Amino acid sequence: MSSTDIVLVRNLLKVYKGGTRAVDGIDFAVQPGEFFGLLGPNGAGKTTTIKILSTLLKKTSGEVRVAGYDIDRDPLSVRKSIGFAMQSVGLDDLSTGRDFLMLQGLLYGLSAAEARSRVEELLDLVGLASVAKRKVGTYSGGMRRRIDLVAALIHRPPLLLLDEPTTGLDPQSRLAIWDYLAHLNEQGVTILLTTQMMEEADRLCRRIAIIDRGLIVAEGSPDALKADIGGDVIHVTVASKDEALTDGMLEKARSLVGSRSYVREATISGDGLTLKTADSSAAVPDLIRVLDENQISATSISVDSPTLDDVFLLHTGRSIRAEETSGGESDLAVRSMLGLGRRE
Ligand code: ADP
């Protein structure tokens, strides 16, 4: 951890009234420009963590600095430095998309002229310019989520905190939001999101912390975490090109490929081999060539890569189930804390 961290969390503890240890002493840090994810199943402590970071919820103990500011000593500076979009979107259905964003801009202290140009820029960015005159109440779920994200960006915060940004969306809207978030990150916005979707974490985040029952059980890039599992598994079925050589062919194939540097383990299974390998992209063409040179054809090859679910399984003994959350509580309290007024 260094002084340049945009988010620094040390030994963070949150015990709710009634005794639930929602966050049980976690540490992590995020560098400016990173795309960082907190991945975990329902109830892991993700929302609690991100709400504490956004100053909306008091921690029990520990140290949290956001954009260089201590969240207890300087919460206003923290709030100015972040954009925060919650799971439950509480938009004002009766105002138009454009008016809603204008209001957000003015509430964040932009001048009318600044707000107008920022709103148009953001509407373009998320492809909502053509529906900006429509009432928000007529928007689809994906459009609502996009406009809420944009509202979080109106004051050009360097850090965007997102609580399960695509939960409950249809696949097409989800893809649109992913593209948009990747684009924002390329433009230099640091993003910290929570998710229970492995695919989301895998696809977007440069680094993830896997959280379970209030504890971080693993941290690293998705690729590195998956590589810890032990690499890809290749299944190859083989046939001899020369019938006279069919006897002992499988054993021969096993010994041929088993000695290749990228193969960690080679076992005979059925009419083929199962190989554990560190790098399947290099392995596949080489396997085919080595077998072919020895009069053996690879008749089918499949590669199974470890997933982040395998990583979760390794560290917790359980599998993440991508349960759709209901969205939960209203964000009215949140908006009033931020001084943003009601938008029921
Ligand atoms: P996640 O976002 O990963 O689903 P949460 O942070 O919402 O997890 O919840 C973590 C744990 O804290 C859960 O056991 C949840 O039931 C509990 N919890 C969340 N909010 C409250 C609350 N306001 N009061 C008491 N317990 C809570």
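Quick caveat: nothing in here was measured; it's all calculated off a predicted structure. Order of listing sets the numbers, starting from 1, for every ligand and every atom in it.
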Legend entry - Thr48-ligand 1 polar pair, N/O distance under 3.5 Å: yes
Legend entry - Contact check: Thr20 vs ligand 1, nitrogen or oxygen atoms, below 3.5 angstrom: no
Legend entry - Residues Arg116 and Glu120 bridged, charged N to O under 4.0 Å: no
Inset, instruction - Give a yes-or-no answer on whether the side chains of Ser300 and Thr237 include a donor-acceptor pair shorter than 3.5 Å. - result: yes
Legend entry - Residue pair Glu164 / Thr194, side-chain donor-acceptor N/O under 3.5 Å: no
Inset, instruction - Compute the minimum heavy-atom distance from Gly18 to ligand 1 and say whether it is under 4.0 Å. - result: no
Inset, instruction - Would you check the N or O atoms of Glu164, main chain and side chain alike, for any that come under 3.5 Å of an N or O of ligand 1? - result: no
Legend entry - Flag side-chain contact, heavy atom, 4.5 Å: Val126 against Ile147: no
Legend entry - Polar side chain donor-acceptor pair, Gln196 to Thr167, under 3.5 angstrom: no
Inset, instruction - Look only at interatomic distance and state if Ala22 has a nitrogen or oxygen under 3.5 Å from any nitrogen or oxygen of ligand 1. - result: no
Inset, instruction - Look at ligand 1 and say whether Gly45 reaches it with a heavy atom at a distance under 4.0 Å. - result: yes
Legend entry - Atoms of ligand 1 close to Asn42 [distance to a heavy atom under 4.0 angstrom, numbered from 1]: 4 (O)
Inset, instruction - For Gly214 and ligand 1, answer yes if some heavy atom of the residue is under 4.0 Å from a ligand atom, otherwise no. - result: no
